[in-house]
Amino acid sequence: MHTISEYQDFFVSYLEAQNPSKEPKNLYDPINYILGLGGKRMRPVLTLLTAEIFNSDYKKALPASMAVEVFHNFSLVHDDIMDDAPLRRGKETVHEKWDINTGILSGDAMLILAYQYFEQYDPSTFRELAKLFSKTALEVCEGQQWDVDFETRSNVTIPEYLKMIEYKTAVLVAAAMKMGAIIAETSEDNQIAIYDFGLNLGIAFQLQDDYLDAFGNPETFGKQVGGDIIENKKTYLYLKAIAHSDKKIAEQLQQLFSINSKENEDKINAVKTIFIDSGAAEATQEAIRFYTFRAFETLEKLNISSDKKSILRVFGEKLMSRNV
């Protein structure tokens, strides 16, 4: 087994080797650009880590890890267009640096490229990986559509929101881990358990992201703190605050979320006060703990050594203690 930073280095080296100069440049340059912006590389790292958890060589999982990362970045390119986002990881988004049509077409190409990485496996493994990938890709699109729908709905429920983040975020984390298990040819029970581990960890990860967006440290978070509040996103914090506030406070929160402004410190501070006073902030932290511990419970179903279970647990603990 290797450290997380070592897996990151292995993946980045592989990524950089996949970066040939191809024509037309206006199709491939944006792809190379978005893939080169960095990030935590959490999903491909999980594919490599999981392959070795189940006694395979991480090198066998590199093509699948690349497919996961290419697909994830494809979704970011299109999400940024839908959100009209100017920045991604502190740099210009693809559609801002080039244009919207380029972003759409380069994103489409990335989806196809992701599938091509599975062609490096034998027919049986390819079939299993492609089947999981197709299911996951469609779920991510469904999650994104729910996210868009929620922007104009006033009656979003907490179960609906949890289903949305499960599909938009968590299923790709889960699939990244299961791909490593498929490549390692471990048992079906192990594959199911590691998928459930990744799914619950992915939900906790997104809830943590919601929380940090409001209460993170601006110097370490890497994004604008309060961005979800400015964009009037109905996050878990917002839904919990509505559910646990009296009518007057709930109406005040709804009124604040009717304000459209790119910069509004007063609004951010007023909303954060309601999140704290209503108990929504603590409820969100409790939900993060709940899904993290649910993930840890699935570790007991894995037929692996206690040392390897400990590696997965430590990874989860570090992920949930992040401030970025």
Side-chain angles (χ1 to χ4, degrees), residues 4 7 40-54 64-65 68 71-72 75 132-133 135-140 142-144 146-147 157-182 184 186-213 235-237 239-240 280-306 308-324:
I4 296 302
Y7 286 123
K40 295 177 286 294
R41 314 289 191 189
M42 177 182 76
R43 295 157 190 82
V45 163
L46 285 174
T47 305
L48 304 181
L49 169 67
T50 305
E52 295 213 322
I53 286 287
F54 294 117
S65 73
V68 169
F71 174 78
H72 174 58
S75 71
L132 173 61
F133 185 78
K135 170 181 174 290
T136 304
L138 191 57
E139 287 172 340
V140 170
E142 291 169 357
Q144 174 66 8
W146 278 326
D147 195 22
T157 66
I158 289 173
E160 285 178 322
Y161 181 76
L162 289 170
K163 177 59 69 174
M164 184 273 287
I165 64 173
E166 176 185 332
Y167 276 42
K168 186 176 177 182
T169 300
V171 294
L172 187 57
V173 176
M177 301 197 79
K178 188 174 181 180
M179 284 181 191
I182 290 170
T186 190
S187 69
E188 186 174 350
D189 286 345
N190 274 344
Q191 291 181 28
I192 292 170
I194 202 66
Y195 183 91
D196 288 343
F197 174 81
L199 192 71
N200 285 293
L201 205 62
I203 293 172
F205 178 86
Q206 184 57 54
L207 290 171
Q208 178 86 323
D209 215 49
D210 289 357
Y211 183 85
L212 290 173
D213 189 276
T235 63
Y236 193 86
L237 281 161
L239 296 173
K240 275 290 184 183
E282 175 54 36
T284 302
Q285 290 180 305
E286 180 58 37
I288 293 165
R289 289 190 289 269
F290 172 80
Y291 283 101
T292 303
F293 290 136
R294 179 184 274 187
F296 291 161
E297 286 174 359
T298 66
L299 294 179
E300 301 310 311
K301 300 176 183 178
L302 289 171
N303 184 22
I304 56 176
S305 69
S306 58
K308 289 182 175 179
K309 289 178 183 179
S310 178
I311 290 170
L312 291 169
R313 178 181 285 273
V314 168
F315 177 83
E317 288 171 347
K318 286 185 176 178
L319 199 63
M320 290 306 108
S321 63
R322 68 195 171 99
N323 57 8
V324 294

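Bear in mind that the values here come from a model prediction, so they are computed numbers and not experimental data. Sequential numbering from 1 along the given sequence is applied to the chain's residues.
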Value rounded to 0.5 Å, distance of [atom1] in [X] from [atom2] in [Y]:
| X | Y | atom1 | atom2 | answer |
| --- | --- | --- | --- | --- |
| D189 | L302 | CG | CG | 10.0 Å |
| T298 | I194 | OG1 | CD1 | 7.0 Å |
| F205 | K40 | CZ | NZ | 4.5 Å |
| W146 | E139 | CH2 | CD | 8.5 Å |
| L46 | L201 | CG | CG | 7.5 Å |
| Q206 | T169 | CD | OG1 | 4.0 Å |

Using only atom types and a distance under 3.5 Å, with no angle test, would you say the side chain of [X] pairs donor to acceptor with the backbone of [Y]?
| X | Y | result |
| --- | --- | --- |
| N190 | N303 | yes |
| T47 | G180 | no |
| S310 | S306 | no |
| Q191 | T186 | yes |
| D213 | D209 | no |

Nearest non-hydrogen partners of [X] and [Y], listed with the distance:
| X | Y | answer |
| --- | --- | --- |
| L199 | A170 | O-CB, 3.4 Å |
| V173 | G198 | CG1-O, 3.5 Å |
| A175 | L132 | O-CD2, 3.8 Å |
| K168 | V140 | O-CG1, 4.1 Å |
| L299 | K309 | O-CE, 3.1 Å |
| L237 | Y211 | CD1-CA, 4.0 Å |

Start with the C-alpha gap between K163 and E166, add the side-chain angles, then the distance that decides, and say whether salt bridge (charged side-chain N to carboxylate O under 4.0 Å, His left out) holds. CA-CA 5 Å; K163 177 59 69 174; E166 176 185 332; 3.6 Å; yes
Do the non-hydrogen side-chain atoms of [X] and [Y] ever get within less than 4.5 Å of each other?
| X | Y | value |
| --- | --- | --- |
| I311 | L49 | yes |
| V171 | Y195 | yes |
| L162 | Y291 | yes |
| L319 | M42 | yes |
| L312 | K308 | no |

Walk me through it: do Y161 and D210 pass the test side chain to side chain contact (heavy atoms under 4.5 Å, CB included)? CA-CA 12 Å; Y161 181 76; D210 289 357; 2.4 Å; yes
Taking only residues two or more places apart in sequence, or in another chain, which ones meet S75 in a side-chain contact (heavy atoms from CB on, under 4.5 Å)?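 If we apply the side-chain contact (heavy atoms from CB on, under 4.5 Å) test to S75, skipping adjacent residues, the hits are H72.
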Which residues pass the ring pair (Phe, Tyr, Trp, His ring centres under 6.0 Å) test with F133, sequence neighbours left out?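 F133: ring pair (Phe, Tyr, Trp, His ring centres under 6.0 Å) contacts with F71, Y115, F118.
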Mind checking ring pair (Phe, Tyr, Trp, His ring centres under 6.0 Å) for F54 and listing every partner two or more places apart, or none if nothing turns up?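 So F54 forms no ring pair (Phe, Tyr, Trp, His ring centres under 6.0 Å) with any residue.
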Looking at E282 and R289, does any basic side-chain N land under 4.0 Å from a carboxylate oxygen?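 Judged by the 4.0 Å cut-off on N to carboxylate O distance, E282 and R289 do form a salt bridge.
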Audit row: F197, K301, side chain to side chain contact (heavy atoms under 4.5 Å, CB included) steps and yes/no: CA-CA 10 Å; F197 174 81; K301 300 176 183 178; over 6 Å; no
